[in-house]
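Okay, structure first, notes after.
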Amino acid sequence: MSESYEQSYLYRLRHSAAHLMAQAVTELYPGAKLAIGPPIENGFYYDIDFPEPLKEEDLPKIEAKMKELSKLDQRIERTEVSRVEAKALILDDSIPSMGGAVAEYKLQLLDAIPAGETISFYNQQRTDREGKLHRFLDLCRGPHVDTTKEIKNYKLMSLAGAYWRGDVKNKQLTRIYGTAFETPEELEAHLHMLEEAAKRDHRKLGKELGLFMFSARVGTGLPLWLPKGATLRMVMTDFLQKEQVKRGYEPVVTPQIASIRLYEKSGHIITFKDKLFPFMEDEEKETYILKPMNCPFHIEIYQSQMRSYRELPVRYAEFGTVHRYEQSGEVTGILRARGFTQDDAHLFVRPDQLLEEFIGVVELTKVVLQKLGLTDFKVRVGTKDPNSDKYVGHDDNWALATKAIEDACKQMGMEYFISPGDAAFYGPKLDLIIKDALGRDWQMGTVQVDYNLPERFELEYTGEDSKPHRPIMIHRAPFGSLERMIGLLTEQYAGAFPFWLSPVQISVLAIADRHNDAAMALADKLRDVIYDTRNLRVTVDDRRETLGKKIREAQLQKTPYMLILGDRGLEEGTIGVRSREDGDLGEMTVEEFLDSLGA
RNA sequence: GCCGGCGUAGCUCAGUGGUAGAGCGGCUGUUUUGUAAACAGCGGGUCGCGGGUUCGAGUCCUGUCGCCGGCUCCA
């Protein structure tokens, strides 16, 4: 969230809307324990521990209560207190939102406030018809709007479970999400935007455009790629393959399963064990696992012979399909599948080559993003969380690797942010983060520096001094995975892929039966044309349908060009060209059309 | 995995305890068509699956599977 947002009226308004909701909840559900309720990017939430589980059908009731409370024009007042006074207020049984019975989370929050920091409460109160005073008091840093009357344009969106302080070991609270705006028009526009975003959802478009499918009989998170989706994958892998060849990468191919011993050696078995599909055992009691990562295989290849300092860097690339047993609730179409293909490569480099190679990889990643038309991304440097024990390797290597990443970013003038705890278990990494249609962040491309696997596998090369030295590994995947990248591109382009990526680039529409042969011949001619590494991808619509219908369906399939062939064209040697974006472009010869493509 | 929601025809959806529906798609026939849906007819369903309540369940209860939103986790 931007600093300007955090200082905006809207931010305060949403924060106050969260309080208003909490006030409504404490009045409707005595015994509900308030935890935490901040504004967020598109609204606000409040985490509450309810005595009885809350249902979605309860939300309108809470909304109605909020409306009633909002109208009362309650002043929202700040008071600053000492820690002792704060504790007394939190435990004050005379205030409905406070008191010993519901103080559990607020007391913990109070304890978490560092000594010396101001402790403040916000109060809003009303007097009912019988003259009874109802207070709503909340421990809160603020700031807030002046009166509840300002909170008019809001909507409660959804319910979710959320662990107290984000830790699975803690109790799961009920989170109510809502949104609020300054004007009814803005609220309406936001809701409309959400509807529009849903139309771009890759799962919806993937089905409509025939890219991929899922089957309950195949299993959760295991996509089946349909011809058009499979074509899209090939176009993308061709493109990257070509870029990699230019940069000295060599292809390798490795199996889908491996003995568990390989992963014991790599350390994956410990850090990755709950992500693995169930093990397989053969008659000799050898245990195999379905591979969750490609790196150990590439390491085996590196290690299969003596390496000289002269041949480094070695760069092994593979579109490697891996399987990870993601928790059922985490699977999201092809953005988060259980089987997916990484555009993986591992670089084995000398220490003196690390920075240059790292920069080379980041540059390749930038080339890839540019070609794909992805301009809106964040660069995250994931570092070790000092409080976690999930990492392997020595601290000084971690420090070296982290420094290499930051140096590379600085040298390239790339803006980045540090995110402690987002490192791989074997080393720090640089990730590209892109938002999907629904505004969720996804990690796409990744570049990781690794001193640890070379250590574990005792990788070596012979140096100029004839002595053994240890290489450093760079793990990298510019797309991240084909699945996630295609899912994201589908949403970015709302299914209307740029010409070079479109699974079907041109559809030849025959006007009547008598034009079918000529349409086929035209398609064959176009298929001979090489465009951007591959032959043009052309289909023919020779069904007995009206032209209007054929055009409509080609438009809905987001086909970049429709070529219309009828009597006129046969007589004059031209075709009617229609583009997905600009409609009818008029008659032209095939050559003129190809020229316009730059083919 | 956890909290909440949703599963009706290939697709999108209607059906609020009393005989399972529409549009699109499919098939058949007619139409031979010039820039976003020709016309007619015909098929098509154990209402995700199992158990229960009821004279009677797509509808209520329960279990289970799948999907969706979120949390946690991740390419």
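Just so we're on the same page: letters track the sequence lines, and every chain starts at 1. Being a predicted model, the structure only gives us computed values, none of them experimental. Below, all heavy atoms of this structure are taken into account, side chains as well, without hydrogens, waters or symmetry copies.
For A:Y177 and A:Y46, the ring centers sit 6.0 Å or farther from each other. The six-membered or imidazole ring of A:F593 lies near that of A:Y561, with a centre-to-centre distance under 6.0 Å. Annotation: A:F50 is in aromatic contact with A:Y29 [ring centroid separation under 6.0 Å].
Nucleotides B:G23 and B:A37 have their C1' atoms positioned 12 Å apart, rounded to a whole Å. Taking the P atoms as reference points, B:G17 lies 12 Å from B:C61, given to the whole Å. Across B:A9 and B:G58, the matching P atoms stand 14 Å from one another, rounded to whole Å. When the P atom is used for both B:A40 and B:G63, the distance is 49 Å, rounded to whole Å. Rounded to the nearest Å, the gap between the C1' atom of B:U62 and that of B:A57 is 14 Å. Rounded to the nearest Å, the gap between the C1' atom of B:C74 and that of B:U35 is 47 Å. Across B:G43 and B:G1, the matching C1' atoms stand 45 Å from one another, rounded to whole Å. The gap from the P atom of B:G69 to that of B:A36 amounts to 35 Å, rounded to the nearest Å.
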A:E591/A:K525 under salt bridge (charged side-chain N to carboxylate O under 4.0 Å, His left out): CA gap, chis, key distance, verdict: CA-CA 11 Å; A:E591 286 65 33; A:K525 181 173 174 180; 3.3 Å; yes
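Under the salt bridge (charged side-chain N to carboxylate O under 4.0 Å, His left out) criterion, the residue pairs touching residues 324-342 of chain A are A:K275-A:E326, A:E326-A:R336, A:E330-A:R336, with sequence neighbours excluded. The list of salt bridge (charged side-chain N to carboxylate O under 4.0 Å, His left out) pairs with a residue in residues 205-228 of chain A, not counting sequence neighbours, reads A:K204-A:E208. Note on residues 545-557 of chain A: pairs passing salt bridge (charged side-chain N to carboxylate O under 4.0 Å, His left out), not counting sequence neighbours, are A:R543-A:E553.
Residue A:Q108 qualifies as enclosed at atom CD: its count of foreign heavy atoms under 6.0 Å is above 12. Counting non-hydrogen atoms of other residues, nucleotides and ligands closer than 6.0 Å to CG of A:D274 gives a total above 12.
The aromatic rings of A:F425 and A:F272 sit tilted relative to each other, their planes meeting at an angle between 30° and 60°. Classification of the A:H202-A:F212 ring pair by plane angle, with boundaries at 30° and 60°, yields tilted.
Residues of residues 218-229 of chain A having a heavy atom closer than 4.0 Å to RNA chain B, listed by number: A:T220.
A straight line from CG of A:D58 to P of B:C3 spans 17 Å, rounded to a whole angstrom. Spacing between atom CG of A:L156 and atom C1' of B:G5 amounts to 16 Å, rounded to whole angstrom units. Per the geometry, CD belonging to A:E208 stands 12 Å off C1' belonging to B:C24, to the nearest Å.
Contact annotation for A:K207: backbone-only contact, meaning every heavy-atom pair under 4.0 Å involves sugar-phosphate atoms and none involves a base.
Listed pair A:K204 / B:U12 fails the phosphate criterion, with no side-chain N or O lying under 4.0 Å from OP1 or OP2.
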Nucleotide-resolved protein contact map, nucleotides 33-39 of chain B, B/S/- at heavy-atom distance under 4.0 Å: BBBBBS-
Nucleotides 69-75 of chain B: protein proximity per nucleotide (B base, S sugar-phosphate only, - neither; heavy atom, under 4.0 Å): BBBBBBB
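In this entry B:C71 has B:G1 as its Watson-Crick or G-U wobble partner, both defining distances falling under 3.5 Å. Pairing of B:A38, defined by two Watson-Crick or G-U wobble distances under 3.5 Å, is identified with B:U30. Remark: B:C6 base-pairs with B:G66. Criterion, Watson-Crick or G-U wobble with two distances under 3.5 Å. Pairing of B:G43, defined by two Watson-Crick or G-U wobble distances under 3.5 Å, is not identified with any nucleotide. For B:C55, the paired base is B:G18 (Watson-Crick or G-U wobble, both distances below 3.5 Å).
By the 6.0 Å and 45° rule, A:K171 does not stack over the aromatic ring of A:W164. A cation-pi contact links A:K371 to A:F239, judged by a cut-off of 6.0 Å to the six-membered ring centre and 45° from its axis.
Annotation: of the two residues near RNA chain B, A:P53 and A:S328, the 5′-most nearest-nucleotide partner is A:S328.
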